[in-house]
Each structure stands twice: as C-alpha cells, then as structure tokens.
Protein chains: 2
Amino acid sequence: MAKNSQLEESIMKAAEELFLQNGFDATSTTDIAKSAGCTQALVHYYYRTKENLFQQIFTQKFQLLISHIHEKNNQVNDLELALRNFVDSYFDTLSKNRQIPFFLIKELIMNEERRQRMRMRMITDAGSLQYYTDWDKLIKSEIAKGNIRPIDTMDLTIDVVSLVVFTFISLPLYSDLFEQNEEEIRAYLQRRKEEVITLILKGLRK
Amino acid sequence: MAKNSQLEESIMKAAEELFLQNGFDATSTTDIAKSAGCTQALVHYYYRTKENLFQQIFTQKFQLLISHIHEKNNQVNDLELALRNFVDSYFDTLSKNRQIPFFLIKELIMNEERRQRMRMRMITDAGSLQYYTDWDKLIKSEIAKGNIRPIDTMDLTIDVVSLVVFTFISLPLYSDLFEQNEEEIRAYLQRRKEEVITLILKGLRK
DNA sequence: ACTTAGTTTAATAGAGTTATTAAATTGGGT
DNA sequence: ACCCAATTTAATAACTCTATTAAACTAAGT
C-alpha cells in the first residue's frame, strides 16, 4: 500500500491559500489542483466536494478567532486592562492573518446556510456565553462605580470590534490607495492599534 | 421605429438589485434577464457585456457615497457640529442603502482593476482633495486651541468611517444572530448612530 | 513473484457561463 | 400597403466548472 501521499496536504494548503485570497466562488478545484501540483480529480478523491474542503478551512479560521478571544482575559477584573489586552492581542492575531476578517464576513454574508451554522455554534457554545456574561458583569460594575459613562455592553463590544475588524477589512484598499509597502503597513497597523485603544478608553470616560 | 422599450430600464433595475444582493460573480446575465422578464440575449443587446452593465451600477453607487460626503458640511468650522452632521447624514444615507458598503468594499477588494480605477478617480478629484484639506485644517486648529487631544486627521477619519461602515457590513450577521425584525433593525441603527457620535466626541477630549 | 489497497490520471458527463448571429417581430413614417 | 429601423428571440459557439468513473500506477506485505 502506497500510503500517506504528501499531495493530500498540498491540496489542503493550496486550497487554504486560494480560498482566503479569492473566496469560495472565485476558486475552482482546477485552480487548487494546479497550485497543489496534481490533477483536479485528486482534489475530489480526497475531499469529495469543493464545499467539503472549504468547510474545513472555514471552520478552522472561525475557531482561530473564537478560541483566541476565549483564552485571553479570563479572570481580569480591571476593565482598562481587559480592553488593552483584548485589542492588543486581537490586533496581533489579525496582523498575522490579515485576510481572515474579510474572508469570514464575506462567506457568512453571502451564504445563508453558513450563517445558520455559525448561529447554532455561537448559541450552543457555553464558553462564549460565559465569556460574555463575565464581560457584561464587569462593565455594569464599572458603570455602577461611576468609573465610566453608562453604555450597553453590546454597544461597547461592537465599538471595539468595528474599530479592530474594519482596519483589516479596509487594509487592501488603504495600502493600495497610499501605495504602502510592507514596512509601512506594519507601522500603520501599530499606530491604528494604539489609536483604537486610546479612543475606546477616552471615549468611555464620563 | 419601435423605440424606447421599457425593457432596457427593467434590465438595469434588475441588474442593480441582483448585483447589490449577490455581487458580480454570483449574478449571471440569465438571472438578470429572468428578473427583468426578457431573454438573456437582450441584456447583451443593450449593454453588450456583463462587465459594462456592472460598471455603470458600481460607479453610480460609488458616486452616491462620495457626492453625499461633499454636499454636506461645506463651510462648517465647528468640529463637533461637523462630526455630528457627518455621522448623522452618513448613517441616514446608508440606512436607505444598506448593501452598498459591503458591495463596494467586496468588489474593490476582489478586483485589482476596479481598485486602480477608484484610486485614479480619488487622486484626480479636486473636490475630494479640497474637502480633505479643509477638514485637516479644522482638526489641526482645534488641536492647537487645545479643544481636543492631538490626533492625526487620517486616524480620526478612519475611526469615524470604521464605526459607521462596519455597522452596515455586519448588519446581516447581527440581524440574523439576534433574529431582528425590520423595526428592531431600525431601532438598532438609531442607537448605533448615537453611540458612534458619543464615542467619537468623548474620545476626542483631552 | 504476486496480491492488494491506496494513489493518481485521463476521459467525460452534465450543467452553467458569456457572447454572438441570424432570423423574426413590432410599429411609426410615408 | 409598405418600408425600415429598433426590438426581441431562438439557436448556438465556445468556453469553464464540479463531480464521477474506469483504468493505470505504486509500493508494502506475504
């Protein structure tokens, strides 16, 4: 038995790159095969359907984001520190995976079924719920203590996510428009990270 | 001469709806024809290529955004008022055209050529440049007067755009996840608008 | 040497895509 | 009544895409 061909993994690697770069629709199994260095039929031999192959990559990237949120700031009871940690690590993770935000949002928006699957995953995931409850408690207590202005937890969450995620969604446009090279992009991201933290912290004062 | 068929316009209307809803790739000229109530060949008779038809819609939606930014806050020299006006009218425009932000960003990100065309349009458009220069002057003067914290004009601009635009990009996910009906969505958007204004104004204080 | 399971390819069915062409239809102008 | 230009359709060329099938290949186990 000729086992454990390296092509199976090559296909997955090629698919990951192409799907992240161009999305589900704009990537054909022929493209994947060419990039992996095999016939198109082999892609289907190992993964049967394109959707199947895509699903694995999508789930993996989705988990990467979620798990990262969970592992950080577990028992932090200092809001400023929690926010700093969150934005900081979120920015760092996404800086190393810049296509992920647009990739996930695009595929979720453009596919009702994927959206339903995500929904199910979120509302049945005890970890996420617990995380949000703690987060909510922390904010409410800070408001009660008069340390920050009154604000709904969901609003604050969306503020933070908007500022972080949109940075990466708009990055291709920004770097193209201002002809930024890799080094300039890194500096830009660093600056944005600090501005986001500043805006949120200052914007929460009474 | 049988002139002025109503089908030419029906095709454009159908194309607009389908392109905005599903994007360029996921819309076929057959879909457009079916929705317009004519043969697929007629779509090509009037617009020759799918790209052509798309181009007109894309440009129109792009202009809608730009022109709207220009017409508002022309000679406002009160930063708080300028920001309030901007966020307010931006939110209102997008509330009536909710798919536009994602539509434009997706098609720009996924097509290098469109990105280049946008770039050319932006850097040769005297109106936009003038607008940005005035805006920059206003912010610098407010910083000099000590009314707000030091902040780069581009950073502030990106802060505002992030908060506004991401609201609409993530809206399909949000409304699906929390099963919002139309009325709840309107209330949500109203609340977001106020929160964005608050966050920006408070976040600019020293 | 030979079997056998896993790997890989060539070929192709079947559906869908854009775009073109030639023919048919329509209705106002003369 | 007829012309003629604009409109509309049917048919089809020339792709591309996913998925399957049958055949060929490879190497480990006996």
Side-chain angles (χ1 to χ4, degrees), chain A residues 1-60 103 106-114 117, chain B residues 1-60 103 106-107 110-114 117:
Chain A
M1 324 148 183
K3 247 182 219 167
N4 194 9
S5 152
Q6 69 286 43
L7 280 178
E8 181 169 0
E9 207 184 339
S10 300
I11 290 167
M12 180 57 85
K13 274 245 178 327
E16 175 172 330
E17 190 176 323
L18 290 171
F19 280 141
L20 277 174
Q21 194 70 241
N22 309 320
F24 182 83
D25 287 348
T27 303
S28 72
T29 51
T30 315
D31 294 338
I32 294 168
K34 194 181 291 176
S35 170
C38 67
T39 357
Q40 179 256 3
L42 201 65
V43 176
H44 290 273
Y45 169 74
Y46 279 119
Y47 300 97
R48 213 179 87 262
T49 66
K50 178 183 165 185
E51 178 68 34
N52 233 300
L53 182 50
F54 179 83
Q55 203 61 238
Q56 290 189 44
I57 290 156
F58 183 87
T59 304
Q60 184 200 315
F103 170 76
K106 181 182 63 187
E107 302 298 349
L108 281 172
I109 286 180
M110 293 182 58
N111 188 310
E112 165 83 27
E113 204 180 314
R114 279 198 255 287
R117 246 201 303 280
Chain B
M1 321 147 182
K3 245 182 218 166
N4 194 10
S5 151
Q6 70 286 43
L7 280 177
E8 181 169 1
E9 208 185 338
S10 300
I11 290 167
M12 180 57 85
K13 273 249 178 322
E16 175 173 328
E17 189 175 323
L18 290 170
F19 280 142
L20 276 173
Q21 193 71 239
N22 310 320
F24 182 83
D25 287 347
T27 304
S28 72
T29 51
T30 313
D31 294 339
I32 295 169
K34 193 181 291 174
S35 170
C38 68
T39 1
Q40 178 256 2
L42 201 65
V43 176
H44 290 272
Y45 169 74
Y46 279 118
Y47 300 97
R48 214 178 85 264
T49 66
K50 177 183 166 185
E51 177 69 35
N52 233 300
L53 182 51
F54 179 83
Q55 204 60 239
Q56 291 188 42
I57 289 156
F58 183 87
T59 304
Q60 184 200 314
F103 170 75
K106 181 182 63 186
E107 302 299 348
M110 293 183 58
N111 188 309
E112 166 83 27
E113 205 181 311
R114 278 199 255 287
R117 245 201 304 282

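The shown structure was predicted, so the numbers you read here are calculated from the model rather than taken from an experiment. As a basis for the values below, the full set of heavy atoms in this structure was taken, side chains included, without hydrogen atoms, waters or symmetry mates.
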Item to check | Interatomic distance, B:L42 CG vs C:dT21 P [rounded to whole Å] | outcome: 16 Å
Item to check | Given D:dT18, C:dT17, D:dA10, the nucleotide with the shortest approach to the side chain of A:K50 | outcome: D:dT18
Item to check | Nearest-nucleotide pick for B:T49, side chain only, options being D:dT18, C:dA19, C:dT21 | outcome: C:dA19
Checklist entry - Looking at side-chain heavy atoms only, is the closest gap between A:F19 and A:L53 below 4.5 Å? => result yes
Checklist entry - Reckon A:Y46 has a side-chain N or O less than 4.0 Å from the OP1 or OP2 of C:dG6? => result no
Checklist entry - Within the pair B:H44 and C:dT18, is there a side-chain N or O less than 4.0 Å away from OP1 or OP2? => result no
Checklist entry - Between B:K106 (side chain) and B:F24 (backbone), is there a donor-acceptor pair under 3.5 Å? => result no
Next on the checklist: Within the 4.0 Å heavy-atom criterion, would you say B:E8 contacts the bases, only the backbone, or no part of the nucleic acid?
Outcome noted: nothing
Item to check | Qualifying side chain to side chain donor-acceptor pair (under 3.5 Å) pairs with a residue from residues 8-24 of chain A, counting only residues at least two apart or across chains | outcome: A:E16-A:K61
Next on the checklist: Side chain of A:A41, heavy atoms from C-beta onward: which of D:dT8, C:dA11, D:dT18 has the nearest atom to it?
Outcome noted: C:dA11
Item to check | Partner residues of B:R48 under the salt bridge (Lys or Arg N to Asp or Glu O under 4.0 Å) criterion, sequence neighbours left out | outcome: none
Checklist entry - Counting side-chain heavy atoms from CB outward, which of D:dC17, C:dA19, C:dT8 is closest to A:S28? => result D:dC17
Checklist entry - Under 4.0 Å between a side-chain N or O of A:Y45 and OP1 or OP2 of C:dT8? => result no
